[in-house]
Amino acid sequence: MVKTFRCAARHGYAVEVSPFLRNRFACAASQYYGIAGNGTVVVLEETKTGVSLVRSFEWSDGLFDVAWSEANEHVLVTGGGDGTLQLWDTANHSGPLRVAKEHTQEVYSVDWSQTRGDNLIVSGSWDRTAKVWDPCLGQSLSTLKGHEGVIYSTIWSPHIPGCFASASGDGTLRVWDVKSAACRLVIPAHKAEILSCDWCKYDQSVVVTGSVDCGLCVWDLRNVRQPVSRLLGHSYAIRRVKFSPFSQSVLASCSYDFTVRFWDYSRNHPHLGTVEHHSEFVCGLDFNLHVANQVVDCAWDETVKIYTPSCLAGASAT
């Protein structure tokens, strides 16, 4: 069963399930495909019969990514087309708690650290920099430079404190150490723009990249001469990749070809299945941490969908 929420006149860019509440998730969306107009972050709740709106917040520019706080179930951060990050409180009906403006171009990625002892936000921008922030969004703690193209994705390692990966239009995947404010690894991962990356939840050395070249590459950071696996099947650019929180080698990808595909890179035939239930670019994707194999996605067709893909329904966690 697929449950759908329609965000009228808003085109979905990112969706993330709450780390605290199994039936709550947030979607960052924009008017006019993010080219012009306002942005909206909608907080949604799955019910027995569908999806209901909990709260929505408006911003004066497009919103391109969203991440929940790992320390406070009410708080989330978004990244905007005006170079700002916004901190929101679902228990507070007014505007943002805080706005941080340091990036000089679109903020396309935000992520909240998950490792014990860390409570940090990382942002990635079209200004080619990544910035690390404290959870109050005061002045940034550090600015990391090195990418030669726009940054599309910045994701904290779920295992290694103070470590995040970034994916860029320059075709590289980079791994950064916050404490030394240095780039530790540069991988020329694709010969095209990389729009997304994600860490394996079970192996601290494994990262996946998704590119405009329609392919996914799974990398072992201990040996980056070639990928562990290449996953082919999409017919247009891959917009977002996510590893399963329940199975070490299972991951999902969504694409401008209107599909979401599921993979197990440990298999000889890794493609598990394809979901085609959108009529526009699919940009946002997340697994539910609390419900095995449940997926949430969003697209430019103004819908957010929550479902368990049949190709994963019988899969056992590893």
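Tracing side-chain contacts under 4.5 Å through hydrophobic residues (I, L, V, M, F, W, Y), one reaches V282 starting from F287; they form part of the same cluster. A single hydrophobic cluster is not seen to contain both L76 and L87; linkage of ILVMFWY side chains at heavy-atom distances under 4.5 Å, directly or through other members, places them apart. Put simply, V66 and Y13 are part of two different groups of oily side chains (I, L, V, M, F, W, Y) that touch within less than 4.5 Å, one to the next. Taking hydrophobic clusters as Ile, Leu, Val, Met, Phe, Trp and Tyr residues chained together by side-chain heavy-atom distances below 4.5 Å, I155 does not share a cluster with V186. Taken together through direct or relayed side-chain contacts under 4.5 Å among Ile, Leu, Val, Met, Phe, Trp and Tyr, W176 and V122 form part of one hydrophobic cluster.
When atom types are taken as modelled, the side chain of H103 and the backbone of W126 share no donor-acceptor pair closer than 3.5 angstrom. A donor-acceptor contact shorter than 3.5 Å links the side chain of Q31 to the backbone of N38. Panel note: side chain Y202, backbone P245; a donor-acceptor pair is recorded below 3.5 Å. A distance-only check finds a donor-acceptor pair linking the side chain of D127 to the backbone of T104 [under 3.5 Å]. The main-chain N or O of Y236 is found under 3.5 Å from a side-chain atom of S255 such that the two form a donor-acceptor pair. For the pair H290 (side chain) and S18 (backbone), a donor-acceptor distance under 3.5 Å is present. Using modelled atom types, one side-chain atom of K242 and one backbone atom of L285 make a donor-acceptor pair closer than 3.5 Å. Counting only distance, with no hydrogens or angles, the side chain of D286 and the backbone of V296 share no donor-acceptor pair below 3.5 Å. Between the side chain of T308 and the backbone N or O of A313, no donor-acceptor pair lies under 3.5 Å. Of the possible donor and acceptor atoms, none in the side chain of T259 sits under 3.5 Å from a partner among the backbone N and O of R261.
With a 4.5 Å cut-off on side-chain heavy atoms, L216 and H234 count as touching. S253 has its side chain within reach of V241: a pair of non-hydrogen atoms, C-beta onward, lies under 4.5 Å apart. The shortest side-chain heavy-atom distance between S123 and V107 falls under the 4.5 Å cut-off. By the 4.5 Å heavy-atom criterion applied to side chains, F258 and E276 are not counted as neighbours. Proximity of L289 to P19: side-chain heavy atoms (C-beta onward) are separated by under 4.5 Å at one or more points. Between T115 and I160 there is no side-chain heavy-atom pair separated by less than 4.5 Å. Side-chain atoms of K305 and K3, non-hydrogen and from C-beta on, never get closer than 4.5 Å to each other. With a 4.5 Å cut-off on side-chain heavy atoms, V42 and S56 count as touching.
Nearest heavy atom pair, residue L232 against residue G215, reads CD2-CA, 3.9 Å. Smallest separation of non-hydrogen atoms from S142 and V178: OG-CG1, 4.4 Å. Nearest heavy atom pair, residue D118 against residue G162, reads OD2-N, 2.8 Å. Between G62 and S30, the shortest heavy-atom distance links the atoms CA-OG, 3.3 Å. Taking both residues in full, the closest heavy atoms of C163 and V175 are given as SG-CG1, 3.6 Å, listed atom of the first, atom of the second, then distance. When all heavy atoms are compared, the tightest approach of G12 to C27 is CA-SG, 4.2 Å.
Sorted by first then second residue, the salt bridge (charged side-chain N to carboxylate O under 4.0 Å, His left out) pairs that include residues 62-89, not counting sequence neighbours, are D65-R240. Legend: side chain to side chain donor-acceptor pair (under 3.5 Å) pairs involving residues 206-220, not counting sequence neighbours, sorted by first then second residue: H190-T209, H190-D213, T209-W219, S211-D213, D220-R222. Residues in residues 180-198 take part in these salt bridge (charged side-chain N to carboxylate O under 4.0 Å, His left out) pairs, two or more places apart or across chains: D177-R184, D198-K201.
Counted by atom type alone, T303 and T4 present zero donor-acceptor pairs between their side chains at under 3.5 Å. In this model, no donor atom of one side chain and acceptor atom of the other lie less than 3.5 Å apart for Q105 and S125.
Interatomic distance, OG of S244 versus CG of N293, reported as 6.0 Å (0.5 Å rounding). The distance from the NE2 atom of H11 to the SG atom of C298 is 11.5 Å, given to the nearest 0.5 Å. Of the inter-residue distances, the one linking L21 atom CG with E46 atom CD reads 12.5 Å to the nearest 0.5 angstrom. Atom CG of L195 is separated from atom CD1 of I238 by 8.5 Å, given to the nearest 0.5 angstrom. One finds the OH atom of Y152 at 11.5 Å from the CZ atom of F64 (value rounded to the nearest 0.5 Å). Atom CG of L44 and atom OG of S52 lie 7.5 Å apart (nearest 0.5 Å).
Shown here are the salt bridge (charged side-chain N to carboxylate O under 4.0 Å, His left out) partners of E102, two or more places apart in sequence or in another chain: K131. For the ring-ring contact (aromatic ring centres under 6.0 Å, His included) test, residues two or more places apart in sequence or in another chain that qualify with W88 are F57. For H277, the ring-ring contact (aromatic ring centres under 6.0 Å, His included) partners two or more places apart in sequence, or in a different chain, are Y307.
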Decide yes or no on side chain to side chain contact (heavy atoms under 4.5 Å, CB included) for W68 and W112, but give the supporting numbers first. CA-CA 7 Å; W68 288 95; W112 211 298; over 6 Å; no
Run the numbers on F25 and V304 for side chain to side chain contact (heavy atoms under 4.5 Å, CB included), then give the verdict. CA-CA 10 Å; F25 45 104; V304 179; 3.8 Å; yes
Verify side chain to side chain contact (heavy atoms under 4.5 Å, CB included) between V275 and F262, making sure each step is shown before the conclusion. CA-CA 8 Å; V275 172; F262 297 91; 3.8 Å; yes
Between W59 and V99, does a side chain to side chain contact (heavy atoms under 4.5 Å, CB included) hold up when you go through it step by step? CA-CA 11 Å; W59 186 245; V99 177; 3.6 Å; yes
Assess whether side chain to side chain donor-acceptor pair (under 3.5 Å) is satisfied between T143 and T129, documenting all intermediate values. CA-CA 7 Å; T143 299; T129 71; 5.8 Å; no
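Ring orientation note: the planes of W156 and F164 are nearly perpendicular, at an angle over 60° on the 30°/60° scale.
Aromatic pair F243/W199: ring centres not closer than 6.0 Å.
The environment of NZ in K101 is crowded: more than 12 heavy-atom neighbours from other residues, nucleotides or ligands sit within 6.0 Å. Within 6.0 Å of CD on E148 lie no more than 12 heavy atoms contributed by other residues, nucleotides or ligands.
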